[in-house]
Amino acid sequence: MSDLHAPLLRWYAEHQRDLPWRRPDASPWAVLVSELMLQQTPVARVLPVYEVWLERWPTPADLAAEPSGEAVRAWGRLGYPRRALRLHAAAVAIVERHGGEVPDDHAALLALPGVGDYTAAAVASFAFRQRHAVLDTNVRRVVARAVGGVEFPPTALTRAERDRAARLLPDDPDTAATWAVAVMELGALVCTAASPRCAECPIADRCAWRSAGYPAYDGPPRRGQAWAGTDRQCRGRLMAVLREADGPVHRSRLDAVWPDASQRERCLDSLLVDRLARRTGPDSYAL
DNA sequence: TACGCGTGGGT
DNA sequence: TACCCAAGCGT
């Protein structure tokens with residue numbers, strides 16, 4: 001495998017997007033907030049919510065001092081609102097366990113609510129300039145193509161992928177941190193899932209998938225997410241009502257947004273169990 | 001391990 | 001138009 005570092009780092013220096021969580025003045029907290037918001041949500045939708053969020057809660061202590069419902073409301077329409085709950089819980093944990101400072105240790109990061117393997121590595125790398133393999137969907141796709149010669153990585157992250165990504169990592173920690181974000185950026189802007197822009201790719205001449213003639217993906221079917229009529233859609237409708245109200249809402253307003261009563265009841269119960277909603281009276285609910 | 005979990009833009 | 005997909009996590 002020829003060296004991919006120099007061309008990719010050069011490309012990143014020239015083509016990187018100016019994103020607020022990448023600026024030199026972005027705090028570790030700002031990086032953590034951005035990473036939680038970016039889990040399964042596109043950059044363009046995150047940007048406005050991120051700006052308002054950090055203006056309102058510039059430190060973990062600021063967020064930890066608020067009721068979690070405020071976090072869920074501020075989350076707006078980013079989707080997967082349990083992430084707002086987890087970010088709030090992470091802020092509380094940071095105050096209680098780390099004196100209000102986002103920890104720089106991978107294991108301590110991993111122990112925070114909402115922080116999994118990817119996010120712990122991303123924060124340690126981007127905020128603290130440490131050397132970690134940062135394996136998100138973009139990086140996995142770029143490595144699968146450039147090194148593995150296949151269109152898409154396996155459904156679940158494999159040991160072989162981890163080993164391969166670790167081998168690709170530059171030795172110097174600061175360079176490794178830039179490398180990590182550069183590979184992600186390439187996946188986001190050039191080596192995209194549906195229609196890669198190989199003509200713009202700085203490592204196209206070293207890409208195993210390209211040199212193999214772009215063989216089509218032949219793994220197990222990549223199942224889409226069911227939506228119409230699912231509990232997720234129902235929960236989303238109910239949450240939208242609660243979010244857009246100033247205070248508690250009457251049950252009748254929830255009834256109005258979902259016709260199937262039994263499914264509606266089941267979903268409302270699940271929102272209560274998840275602590276995304278709470279009962280404020282015999283027939284009233286709030287965030 | 002596979003699945004459930006929101007939302008909306010791109011093709 | 002109907003998919004496809006997006007900086008994953010927790011169980």
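All chains are named by letter (A, B, ...) in the order of the sequence lines, taking the proteins before the strands, and each is independently numbered beginning at 1. Predicted model, so just to flag it, every value in this text is computed and none were measured.
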Open item on the list: For the P atoms, the ones on B/dG8 and on C/dC9, what distance do you get once it is rounded to whole angstrom?
Closed with: 23 Å
Task: Pairwise P distance for B/dG4 and C/dA7, with rounding to whole Å - done: 22 Å
Task: Position toward the 5' end of DNA chain B (nearest nucleotide), A/L78 or A/T155 - done: A/T155
Task: First of A/L276 and A/L157 reached from the 5' end of DNA chain B, by closest nucleotide - done: A/L157
Taking [X] first and then [Y], would you say they form a salt bridge - that is, a charged N and a carboxylate O separated by under 4.0 Å?
X: A/R56; Y: A/E70; answer: yes
X: A/D274; Y: A/R235; answer: yes
X: A/R264; Y: A/D260; answer: no
X: A/E185; Y: A/R22; answer: yes

Would you indicate what [X] reaches in the nucleic acid, counting non-hydrogen atoms under 4.0 angstrom: base, sugar-phosphate, or nothing?
X: A/R77; answer: sugar-phosphate
X: A/W21; answer: base
X: A/S34; answer: nothing
X: A/A194; answer: nothing
X: A/R235; answer: sugar-phosphate
X: A/R266; answer: nothing
X: A/L271; answer: nothing
X: A/D274; answer: nothing
X: A/V115; answer: sugar-phosphate
X: A/L36; answer: nothing
X: A/R140; answer: nothing

Task: A/W209 side chain to A/E151 side chain, donor-acceptor N/O pair below 3.5 angstrom - done: no
Rounded to the nearest angstrom, tell me the gap between atom [atom1] in [X] and atom [atom2] in [N].
X: A/L109; N: C/dG8; atom1: CG; atom2: P; value: 17 Å
X: A/L85; N: C/dG10; atom1: CG; atom2: C1'; value: 13 Å
X: A/R45; N: C/dC5; atom1: CZ; atom2: P; value: 16 Å
X: A/E35; N: C/dG8; atom1: CD; atom2: P; value: 9 Å
X: A/L32; N: C/dC9; atom1: CG; atom2: P; value: 11 Å
X: A/R83; N: C/dA6; atom1: CZ; atom2: P; value: 15 Å
X: A/E185; N: C/dA7; atom1: CD; atom2: C1'; value: 10 Å
X: A/Y80; N: C/dC5; atom1: OH; atom2: P; value: 14 Å

Open item on the list: Is it the case that the side chain of A/R129 and the backbone of A/D174 share a donor-acceptor pair, with hydrogens and angles ignored and the cut-off at 3.5 Å?
Closed with: yes
Open item on the list: Students should find this one: the first and last nucleotides of DNA chain B, 5' to 3', lying under 4.0 Å from a heavy atom of chain A. What are they?
Closed with: B/dC3 to B/dG8
Open item on the list: With heavy-atom distances below 4.5 Å as the criterion, would you say the side chains of A/P153 and A/E161 are in contact?
Closed with: yes
- [ ] Identify, between A/Q39 and A/F152, the residue whose nearest nucleotide on DNA chain C lies closer to the 5' end.
- [x] A/F152
TODO: Please figure out whether A/T192 or A/G116 has its closest DNA chain C nucleotide nearer the 5' end.
DONE: A/T192
- [ ] Cation-pi check, A/R145 to A/Y214: give yes when NZ or CZ is under 6.0 Å from the six-membered ring centre and within 45° of the ring axis, no otherwise.
- [x] no
Task: Phosphate OP1/OP2 of C/dG8: any A/Q40 side-chain N/O under 4.0 Å - done: yes
TODO: Considering just the side-chain nitrogens and oxygens of A/T41, establish if one lies under 4.0 Å of OP1 or OP2 belonging to C/dA7.
DONE: no
Run the side-chain donor-acceptor check on residues 279-287 of chain A: report pairs under 3.5 Å with partners two or more places apart or on a different chain.
from	atom 1	to	atom 2	distance (Å)
A/R279	NH1	A/Y285	OH	2.8
A/T280	OG1	A/S284	O	3.3
A/T280	OG1	A/S284	OG	2.7
A/D283	OD1	A/R251	NE	3.3
A/S284	OG	A/G281	N	3.1
A/Y285	OH	A/R251	NH2	2.7

